[in-house]
Amino acid sequence: MVEIELDGQKVEVAEGCMVMHAAEKAGTYIPHFCYHKKLSIAANCRMCLVDVEKAPKPMPACATPVTQGMIVRTKSDKAIKAQQSVMEFLLINHPLDCPICDQGGECQLQDLAVGYGGSSSRYEEEKRVVPVKDVGPLISMQEMSRCIHCTRCVRFGQEVAGVMELGMIHRGEHSEITTVTGDTVDSELSGNMIDICPVGALTSKPFRYSARTWELSRRRSVSPHDSTGSNLIVQVKNHKVMRVVPLENEAVNECWIADRDRFSYEALNGEDRLTQPMLKQGGVWKEVDWQTALEYVANGLKNIKNDHGAGSIGALVSPHSTLEELYLASALVRGIGSDNIDYRLRNAEFAAPEGIRWLGTSIASLSTLQRVLVVGSNLRKDHPLFAQRIRQAARHGCQVSAIASAAQDWAMPVQSFVAQGAGEWTLTLGGVASAIALEKGIAAPQGATAASDAAQAIARSLLSGDRKAVLLGNAAAHHAQATQLLALAHWIGEHTGASVGYLTEAANTVGAQFAGAHPVNGGLNAGQMLSGGLKAALLLNTEPVHDSAAGANAAAALSGADMVVTLSPFKANLEFSDVLLPIAPFTETSGSFVNAEGLLQSFHAVVRPLGDTRPAWKVLRVLANLLGVPGFDFETSQDVLARATNAPAGMVTQVPAVQLSNAVKAVPAATAAAAGEPVVASIYQLDGLVRRSTSLQLTADARMAREGVAA
């Protein structure tokens, strides 16, 4: 440790730290633009100049290493005059357009100009003008004349997103930030460039000119998309979601969010919203009141139960629904007398798990891995923030290996990438196990095969290093031989010291297991229900044609049912539904999501429900009451959470460790369907929200998915 004196205060920091780090530890603010705690040091804005004793001139705090006994003054005349001079230079070419700038009110340059800028400018020449650039549907670069060349966006692309899509060209006053590898910015994390831009050069194209920052209320929430559980700040005006930005949580999403977390809010205000209960009568949809709709559903379910038995009724539920909704859906179906409920719509195998499948380690630990094997995942697109963490690990020497259906660009160095059909994955993993067994002089597991050169390379990687993980992706979870893959991965982890886990597909995949939203007493699984096994189906927040392995066949199967009830925020499943019940999306209801590591995060509604929309937990409660199912006397979603977790609401923030398990006891026989490719949603087809976000559907990723091109 090194001790320095900062503005008369003794501060102790680690050797190699910069003066800026010491100031942060001491709680002293030093003005800056280019410095960002998650990015490398550039020292090109010079706003952080400080007075270091015995130094002949002011030094940049972000790039000056501490030395024992160093004396630093951040508020001396020398430091202040240097900072004022830098500010004068920064403002020379900056346009005077604060009144129309989207960054106005949350602009670092604007804030610091108040304290360090002059009341007038000595510059009389013409200001420079930078040409307008169109870089895609998400980021606006219409006013790059505002750019102060801090290069935060450039460094973010290189170091965090892994793709240098922006760069600086030319020199001096002709310098400008522009695209360097193509015409557009297409990274799945690109929206973070908007957040880290300290001026209004990069702004949100969907949000542009729609509100002023001081008009917005800021409310906390949790992302309903992938299993990261990203913490969000949802910004609201007049009970309408206007913008979504990250809420910093170092253990979960750090200070980043994926583009689908940021821009999917467009669907909340779209024309496809369902705002009134609807019944299909004579093939025509008609709006009705809630009492009529719910009584129609309750009477229909009673009649079907009497005519065909409770086993003819089932529910297909989305793992993007809240824990409370999934728990009540399970309780409702079982209260009727059926066990037909499932969230595993895209799965091809439905073996009963030994415990709740999860990540197998903490999300934060992904950043410090030294060896990792990813099986059956397009990591960068399926889980952008997990990929970002593993990318940071790779920058520090982590060896990344992968087994997937096609070679993919993960924007990180991958030591061994085995691209082969899904039917061959068990053979390759078996080869890795054989190579490990041979190296360690032990017996290979059942199912092990001869090791290829690629399998041997993966085995050598996993046998070295300390912190290791074997991660099974969405395609591995949906695989027809999912249990065989897990069993082999478990053996590999056991003999290499690696943790083994699933990346888990959706915001509440772990929560759906915790809530019991799958058959436990011999009920029909999702595959059987989507093959025409039901007379009455409840569809909670899901569109089986898009969300299931059955695809278009799901429509034909459900069309044969006597009653199909869709609970959705959108006008969905019109082809085969008989009733549409408008339920609230995550912004209009309270609830909880459980992320991949088992962390339970609750949130509140940020806006009131649109039209006659109602929270799904309330709809399920009333429906259960009409059906005479006991135990549905809940007043709040917190009451439901308390029942689901068997503890007072708020007391459980983590799924109990005894319930989290990726162990395998019984391995089913291989199935003929194993040769088929698993059904996996592309990045902007994951759920109903992203599918209806106009801007996300205009991206290159969405376009390639529609054209059937691998990302």
Separation between NE2 of His149 and SG of Cys34, rounded to the nearest 0.5 Å: 13.0 Å
To the nearest 0.5 Å, what is the distance between CH2 (Trp410) and OG (Ser377)? 6.0 Å
Salt bridge or not between Arg212 and Asp102? Use side-chain N to carboxylate O under 4.0 Å. no
Geometric class of the Phe386/His383 ring pair [parallel <30°, tilted 30-60°, perpendicular >60°]: parallel
Checking Arg260 against Ser264 for the side chain to side chain donor-acceptor pair (under 3.5 Å) test, could you report, in this order, the C-alpha distance in whole Å, the side-chain angles of both residues, the deciding distance, and whether it holds? CA-CA 5 Å; Arg260 62 184 169 203; Ser264 65; over 6 Å; no
Ionic contact status for Arg371 with Asp466, cut-off 4.0 Å: no
Pairing residues for Arg460 by the side chain to side chain contact (heavy atoms under 4.5 Å, CB included) criterion, not counting sequence neighbours: Gln456, Ala457
Can you check salt bridge (Lys or Arg N to Asp or Glu O under 4.0 Å) on Glu53 and Lys78, steps first, answer last? CA-CA 11 Å; Glu53 192 169 274; Lys78 184 177 180 181; over 6 Å; no
May I ask you to decide whether Arg122 forms a salt bridge with Glu88, counting only side-chain N to carboxylate O separations under 4.0 Å? yes
Are the side chains of Phe417 and Val400 in touch, meaning some heavy atoms are under 4.5 Å apart? no
Exercise: identify the closest heavy-atom pair between His170 and Glu176: CD2-OE2, 4.0 Å
Do the non-hydrogen side-chain atoms of Lys38 and Glu254 ever get within less than 4.5 Å of each other? yes
Is there a salt bridge (Lys or Arg N to Asp or Glu O under 4.0 Å) between Asp51 and Lys75? Walk through the geometry before answering. CA-CA 8 Å; Asp51 180 8; Lys75 297 177 176 61; over 6 Å; no
Residues that Tyr502 engages under ring pair (Phe, Tyr, Trp, His ring centres under 6.0 Å), provided they are two or more places apart: none
Are there more than 12 heavy atoms of other residues, nucleotides or ligands under 6.0 Å from atom NZ of Lys81? no
Side-chain touch Leu91/Met87, heavy atoms, less than 4.5 angstrom: yes
Of all heavy-atom pairs between Pro206 and Ser695, which one has the smallest distance, and what is that distance? CG-OG, 3.3 Å
Look up atom CG in Asn253 and atom CG in Leu385, then write down how far apart they are to the nearest 0.5 Å. 6.5 Å
Give me the atom names and distance for the closest heavy-atom approach of Asp226 to Pro384. OD2-CD, 3.6 Å
Taking C-beta and beyond as the side chain, do Met412 and Leu379 meet within less than 4.5 Å on heavy atoms? yes
Shortest non-hydrogen contact from Ser204 toward Phe263: OG-CE2, 3.6 Å
Could you tell me which non-hydrogen atom of Thr184 sits nearest to which non-hydrogen atom of Gly136, and how far apart they are? CG2-N, 4.1 Å
For the residue pair Leu686 and Glu505, establish whether any side-chain heavy-atom pair is separated by less than 4.5 Å. yes
Exercise: identify the closest heavy-atom pair between Leu369 and Ala393: O-CB, 3.5 Å
Salt bridge between Arg208 and Glu143, side-chain N to carboxylate O under 4.0 Å? yes
Is there a side chain to side chain donor-acceptor pair (under 3.5 Å) between Ser227 and Thr504 once you walk through the steps? CA-CA 6 Å; Ser227 59; Thr504 71; 3.1 Å; yes
Within 6.0 Å of OH in Tyr123, more than 12 heavy atoms from elsewhere: yes
Find out whether His225 and Leu689 are in side-chain contact, i.e. whether some heavy atom of one side chain is under 4.5 Å from a heavy atom of the other. yes
Met651 atom CE: more than 12 heavy-atom contacts under 6.0 Å: no
From CA spacing to verdict: side chain to side chain donor-acceptor pair (under 3.5 Å), Glu24, Tyr35: CA-CA 12 Å; Glu24 287 177 344; Tyr35 171 78; 3.2 Å; yes
Evaluate whether atom CZ of Arg128 has more than 12 neighbouring non-hydrogen atoms of other residues, nucleotides or ligands under 6.0 angstrom away. yes
Once rounded to the nearest 0.5 Å, what's the spacing between atom CD1 of Ile148 and atom OG of Ser175? 13.0 Å
Salt bridge Lys237-Glu215, side-chain N to carboxylate O under 4.0 Å: yes
State whether the number of non-hydrogen atoms from other residues, nucleotides or ligands found under 6.0 Å of Glu15 atom CD is greater than 12. no
Who are the side chain to side chain donor-acceptor pair (under 3.5 Å) partners of Ser145, not counting sequence neighbours? none
Counting only pairs under 3.5 Å, give me each side-chain donor-acceptor contact of residues 188-200, with atom names and distances, residues two or more places apart or in other chains.
unit_1: Glu188; atom_1: OE1; unit_2: Arg380; atom_2: NE; d: 3.1
unit_1: Glu188; atom_1: OE1; unit_2: Lys381; atom_2: NZ; d: 2.8
unit_1: Glu188; atom_1: OE2; unit_2: Arg380; atom_2: NE; d: 3.0
unit_1: Ser190; atom_1: OG; unit_2: Ser187; atom_2: O; d: 3.3
unit_1: Ser190; atom_1: OG; unit_2: Asp259; atom_2: OD2; d: 2.7
unit_1: Asn192; atom_1: OD1; unit_2: Ile257; atom_2: N; d: 3.1
unit_1: Asn192; atom_1: OD1; unit_2: Arg262; atom_2: NH2; d: 3.1
unit_1: Asn192; atom_1: ND2; unit_2: Leu189; atom_2: O; d: 2.9
unit_1: Asn192; atom_1: ND2; unit_2: Ile257; atom_2: O; d: 2.8
unit_1: Asp195; atom_1: OD1; unit_2: Arg262; atom_2: NH1; d: 3.1
unit_1: Asp195; atom_1: OD2; unit_2: Arg262; atom_2: NH1; d: 2.9
unit_1: Asp195; atom_1: OD2; unit_2: Arg262; atom_2: NH2; d: 2.6

What distance separates Leu202 CG from Arg152 CZ, expressed to the nearest 0.5 Å? 11.5 Å
Are Asp382 and Leu503 side-chain neighbours, meaning at least one heavy-atom pair lies under 4.5 Å? no
Distance (rounded to the nearest 0.5 Å) between Leu359 CG and Leu471 CG: 6.0 Å
Within-4.5 Å side-chain heavy-atom neighbours: Val86 and Leu49: yes
Donor-acceptor pairs are to be reported for all side-chain atoms of residues 600-607 against protein atoms at under 3.5 Å, with residues two or more places apart or in another chain.
unit_1: Gln601; atom_1: OE1; unit_2: Asn231; atom_2: ND2; d: 2.8
unit_1: Gln601; atom_1: NE2; unit_2: Gly229; atom_2: O; d: 3.0
unit_1: Ser602; atom_1: OG; unit_2: Ser592; atom_2: OG; d: 2.7

With salt bridge (charged side-chain N to carboxylate O under 4.0 Å, His left out) as the rule and sequence neighbours excluded, what pairs involving residues 39-48 come up? none
